[in-house]
Every structure is written in C-alpha cells, then in structure tokens.
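First listed ligand is number 1; within each ligand, the first listed atom is number 1.
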Amino acid sequence: MKILNFGSLNIDYTYQVEHIVRPGETISSQGLEIYPGGKGLNQSVAMARAGAKEVHHAGAVGEDGRWLVDLCRENGIHTEYILELPVRTGNAVIQVAESGENCILLFAGANRRNTPAYIRKVLSDFGPGDFLVLQNEINGLDVLMEEASRRGLFIILNPSPFNGTVTACPLEKTGLFLLNEIEGKELTGKTEPEEILAEIERKYPDSQAVLTLGSRGAVYAGKGERFRQEAFPVRAVDTTGAGDTFAGYFITALAEGQPVPSALAFAARGAAEAVTRKGAVPSIPYREALTGENVGNASAE
Ligand code: RIB
C-alpha cells in the first residue's frame with residue numbers, strides 16, 4: 001500500500017512580528033527566517049516522520065526549489081514524480097505574531113503548472129488500496145479526483161485553503177475530509193462543529209471526516225461513529241504547519257491500520273509538539289521523539 005501526496009512545495013518567508021500587520025499599516029519585523037513549507041510538502045514530511053513506509057510526493061518546483069526536493073529525499077520521501085519547471089517555486093509570506101498566531105500570503109508559482117497528462121501519468125502507477133492525499137494549493141484537483149477514483153485510490157482531501165476550486169471538485173469521491181472549522185463552514189454553510197459534521201454526513205454519506213478545532217481538539221465522524229479527541233495543552237510558539245502535522249500523523253496511523261481513536265490521539269500528540277517550535281517543516285516531530293505521555297485514546301460519543 002502506497003501513499004501518493006500530490007501537493008504544493010513552497011519556500012516560506014517567515015517574519016516575526018509583534019502583531020499581524022493591519023490594512024494600511026507599515027510595521028518592522030523582528031526577524032526573517034526562510035523555511036521549507038507548503039501544505040503538500042509539510043504533510044509528506046509529517047507522514048514520513050510519523051513512520052509512513054512509502055510516501056511518494058508529486059508536484060513541481062523551479063530551479064530555486066531544488067533544496068526542497070533534497071529535503072524530501074533526506075526525509076525518506078520518494079521524489080521521482082516531482083518536476084523541475086522553468087518558473088519560480090511557490091512561496092509563502094508568513095507573519096508570526098508574538099501570540100503564536102499567523103497569517104499567510106501565497107504565491108503559487110510552479111504549484112499551479114500541473115497538466116492533465118502529467119497527473120494521469122503519475123496516477124497510472126497507483127491503484128486500489130493506495131492513498132491519494134490532496135490539499136488545495138495546486139491546480140488540477142478535479143482531474144486528480146476523477147482519475148484517482150477511477151483507479152480505486154482512497155482519496156484524502158484537506159480542502160485548505162478553501163475556495164471555489166474545492167466546490168468545483170467531485171467531492172463525493174472523497175474518502176476522508178480533513179478540515180478545520182473555517183473550511184468546514186465554507187463547505188457546509190453551517191457554523192457549529194456538530195452541524196458541520198452532520199451536514200458532511202448528509203451530503204457525502206460515503207465519506208469520513210475529521211474536523212480539527214485548534215485548542216479544542218478534533219472530532220471524527222464516519223461510518224455512523226463519532227470520536228472526540230482533546231488537544232494536548234502546550235504553549236504555542238508558532239502554529240504554522242500544526243494542521244499539516246495533524247493530517248500527516250492521522251493518515252499514517254490509518255495506513256498502519258490503527259483504529260480511529262488511537263489515530264486521533266497520535267495526530268493530536270504530533271500537532272501539539274509542532275506548535276511548540278518555529279517554522280513548518282522544522283517543527284514537525286519525529287515519531288520517536290513523542291514521549292507517549294498523555295497519548296490517551298479519543299472518546300466515543
Ligand atoms: O500550512 C502551512 C503552510 O501553508 C506553510 O508552510 C505555507 O507554505 C502555506 O502553504
């Protein structure tokens with residue numbers, strides 16, 4: 001069983017600021033760090049560090065992004081499907097406030113150069129039982145979902161950042177939604193977590209969903225079951241990449257055949273570690289580094 005993550009690779013320009021800049025305001029930052037990032041790359045690294053055996057990343061970079069491909073390789077991720085194109089690598093301008101909150105501005109660059117031919121060629125190497133992991137920082141999501149469904153892959157969609165591209169996709173083909181409250185509201189038009197999950201169950205009865213609630217934990221809905229996982233209390237330094245860490249850890253646990261409650265606990269532990277350190281990729285913990293303390297199972301409702 002293989003995991004294919006067809007996703008973004010970004011260079012993150014991360015500015016430390018006292019507060020996130022307001023419209024019309026000019027402020028000085030307290031520092032700039034350049035990190036590897038992109039929701040796609042972060043989730044591949046999270047899966048690899050969580051112990052996933054065979055993670056393949058597909059996507060594209062420019063010449064300036066070769067170091068991102070090297071980083072994938074150093075983390076044990078298969079990189080044979082990553083293209084190098086004559087355009088700039090995707091990047092993100094990130095402000096991290098003293099409170100740990102962030103805001104992100106994206107430039108897609110090579111991430112939006114996928115062609116149907118390239119997508120079909122990559123997917124031709126995958127089949128029933130394999131996982132396809134998607135986020136919304138690349139183009140071609142609709143083609144990816146159609147083709148993956150036709151080939152029998154299990155589609156995991158993190159519809160982040162949420163926009164009209166997501167709603168234009170054949171979402172009923174999604175096996176598992178991984179989404180936060182903002183994305184859940186956009187997808188369903190509902191505001192309360194329970195209403196969001198109920199609406200996803202109504203609209204997509206064959207799908208499972210995990211709704212992450214930040215410091216309030218996460219809730220799983222699917223197959224007629226509900227499980228709730230508390231977040232582990234930590235002092236947040238930088239939340240960038242925490243959602244990606246949760247996603248990568250949860251997917252890895254599912255791929256290992258762990259039951260949903262223990263997969264939720266594993267993911268929550270990984271994400272808790274991630275917010276205690278700066279950056280996206282640098283903050284993603286290795287499975288061996290998780291202490292195991294407080295890794296209790298999620299509770300059924
Ligand atoms: O989820 C965090 C990521 O979002 C950052 O690494 C940035 O590149 C953006 O894609």
Which N or O atoms of ligand 1 sit under 3.5 Å from a protein N or O, and how far apart is each pair?
unit_1   : atom_1 : unit_2 : atom_2 : d
ligand 1 : 1 (O)  : Lys39  : NZ     : 2.9
ligand 1 : 1 (O)  : Asp244 : OD2    : 2.7
ligand 1 : 4 (O)  : Lys39  : NZ     : 3.1
ligand 1 : 6 (O)  : Asp12  : OD2    : 2.6
ligand 1 : 6 (O)  : Gly38  : N      : 3.0
ligand 1 : 6 (O)  : Asn42  : ND2    : 3.1
ligand 1 : 8 (O)  : Asn10  : ND2    : 3.0
ligand 1 : 8 (O)  : Asp12  : OD1    : 2.6
ligand 1 : 8 (O)  : Gly38  : N      : 2.9
ligand 1 : 10 (O) : Asn10  : ND2    : 3.2
ligand 1 : 10 (O) : Lys39  : N      : 3.4
ligand 1 : 10 (O) : Glu137 : OE1    : 3.0
ligand 1 : 10 (O) : Glu137 : OE2    : 2.6

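- Taking all atoms of both residues into account, the shortest heavy-atom contact from Ser29 to Tyr15 is OG-CD2, 3.7 Å.
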Might you work through the side chain to side chain donor-acceptor pair (under 3.5 Å) test for Thr212 and Asn180, ending with a clear yes or no?
-> CA-CA 5 Å; Thr212 55; Asn180 65 22; 5.5 Å; no
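- Without hydrogens or angle criteria, Asn136 side chain to Pro161 main chain gives a donor-acceptor distance under 3.5 Å.
- Of the N and O atoms on the side chains of Thr240 and Asp238, at least one donor lies less than 3.5 Å from an acceptor on the other residue.
- Listed by chain and number, the residues in a side chain to side chain contact (heavy atoms under 4.5 Å, CB included) with Arg49 are Val45, Asn75, Val281, Ile284, Tyr286 (sequence neighbours excluded).
- Note that Arg269 lies in the cation-pi zone of Phe232, set by a 6.0 Å cut-off to the ring centre and a 45° limit from the axis.
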